[in-house]
Amino acid sequence: MNTVDLANWLKENVKWNKYITLVDTVGDELNERKLRFDKSDLFERSLEMFSEGKLQYVNKEGVDHIGPEGITIEMKYGGGSLFTNKTKKPKKHVADLQLMNSRGSSYGRTLPDSYADYLLICDKDSVAL
């Protein structure tokens, strides 16, 4: 399965309107340092529910979901990641996504071999694979 196939599968199998409603409802809540992991868990877990279990939530280091054909997916959420906050136009480059949760500098680090096959980048206003 390639990126286009996976994107089409996600489009057909996840109720994105429900996900967007959840994101809009939560809004800027749960942004305090102690609550950010709860917020990400809520958004990540919701995709399993909104796909009727077809997208399995596993919450492993570097892998949040298992999709069709055993494809692994790491989900990253960030407001303003894909679109500008003011005009909502697409950015030329994805902004400031931390691929691994760590303290301190990531200089010289590499992703582990067990890291997901694909990134699912979710912005406050959209979702992209």
Side-chain angles (χ1 to χ4, degrees):
M1 182 172 279
N2 62 33
T3 304
V4 173
D5 293 335
L6 180 58
N8 287 331
W9 185 91
L10 288 167
K11 184 178 180 182
E12 293 171 12
N13 289 283
V14 178
K15 295 174 183 168
W16 291 108
N17 57 336
K18 290 188 177 200
Y19 174 81
I20 297 299
T21 300
L22 173 64
V23 171
D24 285 345
T25 302
V26 172
D28 291 333
E29 298 296 319
L30 306 176
N31 284 348
E32 295 94 36
R33 190 166 185 248
K34 289 177 69 175
L35 299 175
R36 281 185 225 143
F37 283 108
D38 294 334
K39 186 174 188 175
S40 68
D41 285 348
L42 174 66
F43 290 164
E44 291 163 4
R45 281 183 184 272
S46 74
L47 292 186
E48 182 173 51
M49 183 186 320
F50 297 150
S51 69
E52 298 175 353
K54 294 175 187 169
L55 188 62
Q56 181 186 7
Y57 176 68
V58 293
N59 193 28
K60 295 181 179 178
E61 185 177 5
V63 176
D64 291 318
H65 300 95
I66 297 178
E69 300 176 17
I71 288 175
T72 56
I73 301 167
E74 175 72 358
M75 181 176 162
K76 295 294 176 185
Y77 172 86
S81 297
L82 301 170
F83 296 87
T84 60
N85 287 325
K86 198 172 196 177
T87 64
K88 305 300 182 205
K89 291 185 179 178
K91 290 185 173 184
K92 291 183 181 181
H93 303 284
V94 175
D96 299 328
L97 289 176
Q98 187 174 350
L99 298 181
M100 296 292 293
N101 296 327
S102 63
R103 293 184 177 249
S105 172
S106 62
Y107 180 78
R109 292 187 192 170
T110 58
L111 294 174
D113 291 337
S114 60
Y115 200 81
D117 301 318
Y118 291 91
L119 283 176
L120 175 62
I121 303 171
C122 300
D123 196 318
K124 187 168 111 178
D125 298 311
S126 68
V127 179
L129 177 69

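Remember, predicted model here, so these are calculated numbers, not experimental data.
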Student: Identify whether Met49 and Ile20 are in the same connected component of the hydrophobic contact network (ILVMFWY, side-chain heavy atoms under 4.5 Å).
Tutor: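 Result: yes, single cluster for both.
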Student: Look at the side chain of Lys39 and the backbone N and O of Glu29, then say whether any donor-acceptor pair between them is shorter than 3.5 Å.
Tutor: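 Checked: pair present.
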Student: Between Val26 and Phe43, is there a side-chain heavy-atom distance shorter than 4.5 Å?
Tutor: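 SC-SC contact between Phe43 and Val26 confirmed.
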Student: Closest approach of Ser51 and Leu55, non-hydrogen atoms and distance?
Tutor: OG-N, 2.9 Å
Student: To the nearest 0.5 Å, tell me how far Ile66 CD1 sits from Lys60 NZ.
Tutor: 5.5 Å
Student: Rounded to the nearest 0.5 Å, what separation is found between the CG atom of Leu119 and the CD atom of Glu74?
Tutor: 7.0 Å
Student: Could you state the interatomic distance from CG (Leu30) to CZ (Arg36), rounded to the nearest 0.5 Å?
Tutor: 11.0 Å
Student: Measuring from atom OH of Tyr118 to atom CG of Asn2, what distance do you get when rounded to the nearest 0.5 angstrom?
Tutor: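 One gets 6.0 Å once the value is rounded to the nearest 0.5 Å.
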Student: Decide side chain to side chain contact (heavy atoms under 4.5 Å, CB included) for Leu42 and Leu22; before the verdict, give the C-alpha distance in whole Å, the side-chain angles of both, and the deciding distance to 0.1 Å.
Tutor: CA-CA 9 Å; Leu42 174 66; Leu22 173 64; 4.2 Å; yes
Student: Salt bridge or not between Glu52 and Lys15? Use side-chain N to carboxylate O under 4.0 Å.
Tutor: yes
Student: Hey, could you give me the OG/CD distance between Ser114 and Glu61, rounded to the nearest 0.5 Å?
Tutor: 6.5 Å
Student: How long is the gap from CG on Asn8 to CE on Met1, to the nearest 0.5 Å?
Tutor: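 So the gap between those two atoms works out to 9.0 Å.
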Student: What's the shortest heavy-atom distance between Asp41 and Asn59, and which atoms?
Tutor: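 So the two residues come closest at OD1-OD1, 4.4 Å.
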Student: Is Leu47 close to Asp64 at the side-chain level, that is, under 4.5 Å between some pair of heavy atoms?
Tutor: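 Result no, sub-4.5 Å side-chain heavy-atom pair not found.
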Student: Return the minimal non-hydrogen interatomic distance between Ser46 and Tyr19, and the atom names on each side.
Tutor: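 Minimum heavy-atom separation between Ser46 and Tyr19: OG-CD1, 3.6 Å.
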Student: Would Trp16 and Leu10 count as a side chain to side chain contact (heavy atoms under 4.5 Å, CB included) here? Give the steps.
Tutor: CA-CA 9 Å; Trp16 291 108; Leu10 288 167; 4.3 Å; yes
Student: Side-chain heavy atoms nearer than 4.5 Å, only ILVMFWY residues, links allowed to pass through others: does that put Phe37 and Val58 together?
Tutor: no
Student: For Trp9 versus Lys54, what's the shortest heavy-atom pair and its separation?
Tutor: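 That closest heavy-atom pairing would be CH2-O, 3.6 Å.
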Student: Looking at every heavy atom in both Glu44 and His65, which two are closest together, and how far apart are they?
Tutor: O-NE2, 2.9 Å
